[in-house]
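Residue numbers start from 1 in every chain, and the chains themselves are labelled A, B, ... in the order their sequence lines are given, proteins ahead of strands. Quick caveat: nothing in here was measured; it's all calculated off a predicted structure.
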There are 2 protein chains.
Amino acid sequence: MKDEDINIWMIEDNSRYRKSLTTVINNTSGMFCSHSFPSCEDAFLVIENENLPDIILLDIGLPGMSGIEGIQKFRSYSADLPIIILTIHEDNDTVFDALCEGASGYLLKDSSQEKIVASIKEVLAGGAPLNMRIAHKVLKLFSRIKVKKSDYGLTTREKEILKLIVAGNTKQQVADKLFLSFHTVNTHLKNIYTKLHVNTIAGVVSKVYKEDLF
Amino acid sequence: MKDEDINIWMIEDNSRYRKSLTTVINNTSGMFCSHSFPSCEDAFLVIENENLPDIILLDIGLPGMSGIEGIQKFRSYSADLPIIILTIHEDNDTVFDALCEGASGYLLKDSSQEKIVASIKEVLAGGAPLNMRIAHKVLKLFSRIKVKKSDYGLTTREKEILKLIVAGNTKQQVADKLFLSFHTVNTHLKNIYTKLHVNTIAGVVSKVYKEDLF
DNA sequence: CAGTCAATCGCACATTCGTGGTATTTTCAT
DNA sequence: ATGAAAATACCACGAATGTGCGATTGACTG
C-alpha cells in the first residue's frame, strides 16, 4: 500500500462477498480497500474523522439506510466522488433512482472479479462502467423519458406570448414587454386557447409542461 | 459471406471513413456490410425493397436528413433494430436526443476499429456499447433529469385543492366538488400561494410541474 | 387580382381572481 | 385547561380573465 494507491471503501452487508472482494482489491496493484462496512450508517460514522476515499463500492439492499439513500448522503459530502453500485437489483426503478441520485457506475454482483477491477480503473479514467444488461436498460430508459412533443400549429408570436404567460406575466405585463396593445395579447391568447383546446391559464400551463410545446 | 453472417448497413457521408470501415467489417468473420450509404434518404430508398439489416451504424451529421431524424424513421420500421451511433458529436443535447429517439449505442469517430467491431458484437449480445466519455455523460444526464422534489409544508387539504386547481377547475368548481364554501377554497388557495411564494395560477401550476409537489 | 394567414387593434361585459382582513370550530399535544 | 394547527367560513373590492364580436394591414401564393 503506497500513498498514491487508490483508496476504496466498500459498503456491502454480505460479509463473505465483502471479504472476498476486499481481498481481490488489496491484491490488485495500485489500489487498496481501507474500509469495508456492512452498512451506510457505519461508513458515515467514519467519514467525519477521515478523508473521503477515492471510490466507493456500494450495495443497494442494505440494513437500515438503503444504498440509494446512501448515494444522496455521500453526494452531500462530495459531488464528484465516484460511487459504483454493486448490487443484485436490475429493475428499472432501482436503476433509475440510483442514476438520478448520482451513481457513477452500475455493476451486478454476478460480475467477475476482473470486471469489477476493470470497472474501478474505468471510473478512474473518467468513464461510467455499466453492466452490459444495465447499459441496455439505461438506454431504454431514455425512450421512456422522452416527452411527447406535440404540435398545435402555434405561430412564432403565439409561442412568444405563451412563454411569457407561462412565466407568470399578466396579459398587460406581456403587452408592456412586447410593446403591444393589451388587446393584441388578449387576441393571441384567445387563439392559443382555441388551438390548445383549453380555456384556463392552468390548462395552458399544464399542457406546456406535459407536451413540451416550446 | 454466409447466410448466418450479421448484415450491417452503414450510413456515413465521409466516403473515406465509410469505405475503410466497410472494409474492416467485411474482413471480420461473422459480419458483412451489404450497403453503405452517404445519407439516410439513400438508405430509405433501399429499405422498401429489401429486408432490414441486423444492425445499422449511423452518423449524425449527414446531408439532408440528420441521423437523429433517421433514428426516428428507422424506428417506425422496427422498434428493435439495433442502431449504433458513430459520430463526432458529444454535446449533451445531441447525446440526449439520440438516446431518446432510440439509439442502441453511441460511439465516437475516434474509436479504434477494434472497439467498433467489439461494440457491434456487444450490441448483438444484448448490450449497449457506449464510448467511455459518453457513458459518463449519460449518467450525468440522469442527475439533470431528476426533478427536485420540494416540500412547502402543504396540508392534506391544501394538496387536494391544489390538484383540482392545477387540473383546471375554478375555485367555485373546486368548492362544488369538495362540498365546501367558495370562501373556504379561496382561503386555502390564499394559504397555498403564501406557502409556495407565488401569486398567479400560472405560477402555481409551473411550480407543481417543476418541483413535483404531489 | 383574390384569397389566406399572421399580426395588430378594438368593444363589451359577465365572471373570476387575488389579497387584505376577520372569525369559529375541531383536533391534538402538553 | 391552554395553545397551536388545520379546517371552515365570511366581507370587500380592485384587478384580471375569458369570450363573443368586429376590423385593418402586410406578406405571400396561385
Novice: For a quick test of reading the model: is some side-chain N or O of B:Thr170 closer than 4.0 Å to OP1 or OP2 of C:dC17?
Specialist: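 So the side chain of B:Thr170 is outside the cut-off, no N or O lying under 4.0 Å from OP1 or OP2 of C:dC17.
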
Novice: In whole angstrom, what separates A:Ile192's CD1 from C:dT8's P?
Specialist: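 To the nearest whole Å, that distance equals 12 Å.
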
Novice: Can you tell me how far P of D:dA16 sits from NZ of A:Lys190, to the nearest Å?
Specialist: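 Nearest whole value for this atom pair: 19 Å.
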
Novice: Out of the candidates A:Glu211, A:Glu158, A:Lys195, only one should pair with A:Tyr152 under the side chain to side chain donor-acceptor pair (under 3.5 Å) rule; please name it.
Specialist: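 That would be A:Glu211.
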
Novice: Please report, rounded to the nearest Å, how far the C1' atom of D:dG18 is from the CD atom of B:Gln173.
Specialist: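 Roughly 13 Å, once rounded to whole Å.
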
Novice: Rounded to whole angstroms, how far apart are CG on B:Leu178 and P on D:dT8?
Specialist: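 Taking atom P of D:dT8 as the reference, CG of B:Leu178 is at 8 Å.
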
Novice: What are the two closest non-hydrogen atoms of A:Ile11 and A:Cys40, and how far apart are they?
Specialist: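 Taking every non-hydrogen atom into account, CG2-N, 3.8 Å.
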
Novice: Applying side chain to side chain contact (heavy atoms under 4.5 Å, CB included), can you list everything that pairs with A:Asp42, at least two apart in sequence or on another chain?
Specialist: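 For A:Asp42, the residues satisfying side chain to side chain contact (heavy atoms under 4.5 Å, CB included) (neighbours in sequence not counted) are A:Phe37, A:Pro38, A:Ser39.
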
Novice: Counting only heavy atoms not in B:Asn51, do more than 12 sit closer than 6.0 Å to its CG atom?
Specialist: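 No, not enclosed.
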
Novice: Mind calculating the distance between CD (B:Gln172) and C1' (C:dA14) to the nearest angstrom?
Specialist: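 Going from B:Gln172 (CD) to C:dA14 (C1'), I get 15 Å.
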
Novice: Using the rule given for salt bridge (Lys or Arg N to Asp or Glu O under 4.0 Å), can you reason through A:Glu90 versus A:Arg133, listing the C-alpha separation, both sets of side-chain angles and the distance that settles it, and then say yes or no?
Specialist: CA-CA 8 Å; A:Glu90 50 183 312; A:Arg133 299 200 298 277; 2.9 Å; yes

Novice: When you measure from the side-chain N and O atoms of A:Asn199 to the phosphate of D:dT19, is any distance below 4.0 Å, counting only OP1 and OP2?
Specialist: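 True: A:Asn199 side-chain N/O within range (under 4.0 Å) of D:dT19 OP1/OP2.
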
Novice: Taking B:Ala103's backbone N and O only, do any of them form a donor-acceptor pair with B:Arg75's side chain (distance below 3.5 Å, no angle check)?
Specialist: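 Between the backbone of B:Ala103 and the side chain of B:Arg75 there is no qualifying donor-acceptor contact (under 3.5 Å).
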
Novice: Side-chain N or O of B:Thr184 versus OP1/OP2 of D:dA9: is the shortest distance under 4.0 Å?
Specialist: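 So the side-chain polar atoms of B:Thr184 do come within 4.0 Å of the phosphate oxygens OP1 or OP2 of D:dA9, strictly under.
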
Novice: Hey, what bend do you get for the helix from C:dC1-D:dG30 to C:dT30-D:dA1 if you fit axes on five pairs at each end, rounded to 10°?
Specialist: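 Nearest ten degrees gives 50° for this helix.
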
Novice: Between B:His183 and B:Thr156, just flag the one whose closest nucleotide in DNA chain D comes earlier from the 5' side.
Specialist: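 Comparing both residues, the 5'-ward one is B:Thr156.
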
Novice: Whole angstroms only, please: what is the CG-C1' distance between A:Asn186 and D:dT19?
Specialist: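 Taking CG of A:Asn186 and C1' of D:dT19, I get 8 Å after rounding.
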
Novice: Could you tell me the separation between the NZ atom of A:Lys159 and the C1' atom of C:dA7, rounded to a whole number of Å?
Specialist: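 Rounding to the nearest Å, NZ of A:Lys159 and C1' of C:dA7 are 16 Å apart.
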
Novice: Taking all non-hydrogen atoms of both residues, which atom of B:Ile201 and which atom of B:Tyr193 are closest, and how far apart?
Specialist: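 Scanning both residues, the minimum pair turns out to be N-OH, 3.4 Å.
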
Novice: Please verify the inter-ring angle class for B:Phe142 with A:Phe96; under 30° counts as parallel, over 60° as perpendicular, anything in between as tilted.
Specialist: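 Because their plane-to-plane angle is over 60°, the rings of B:Phe142 and A:Phe96 count as perpendicular.
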
Novice: Do B:Thr187 and D:dC10 share a donor-acceptor pair, side chain to base, under 3.5 Å?
Specialist: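 Checked by distance alone, the answer is yes.
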
Novice: Is any side-chain nitrogen or oxygen of A:His188 closer than 4.0 Å to OP1 or OP2 of C:dT8?
Specialist: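 For C:dT8, OP1 or OP2 has a side-chain N or O of A:His188 closer than 4.0 Å.
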
Novice: Closest to the A:Ser181 side chain: D:dG18, C:dG18, C:dC9?
Specialist: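 Among D:dG18, C:dG18, C:dC9, the one nearest the side chain of A:Ser181 is C:dC9.
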
Novice: Indicate whether OP1 or OP2 belonging to D:dT19 is found under 4.0 Å from a side-chain N or O atom of A:Tyr193.
Specialist: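 Checking A:Tyr193 against D:dT19: no side-chain N or O falls below 4.0 Å of OP1 or OP2.
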
Novice: With no angle test and no hydrogens, is the base of D:dA6 tied to the side chain of B:Thr155 by a donor-acceptor pair under 3.5 Å?
Specialist: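 No pair found.
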
Novice: Output the rounded distance in Å from CZ (A:Arg157) to C1' (D:dA27).
Specialist: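 Value for this atom pair: 16 Å.
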
Novice: Which nucleotide in the set C:dC17, C:dT8, D:dC21 lies at the smallest distance from any side-chain heavy atom of B:Lys171?
Specialist: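 Comparing C:dC17, C:dT8, D:dC21 against the side chain of B:Lys171, the answer is C:dC17.
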
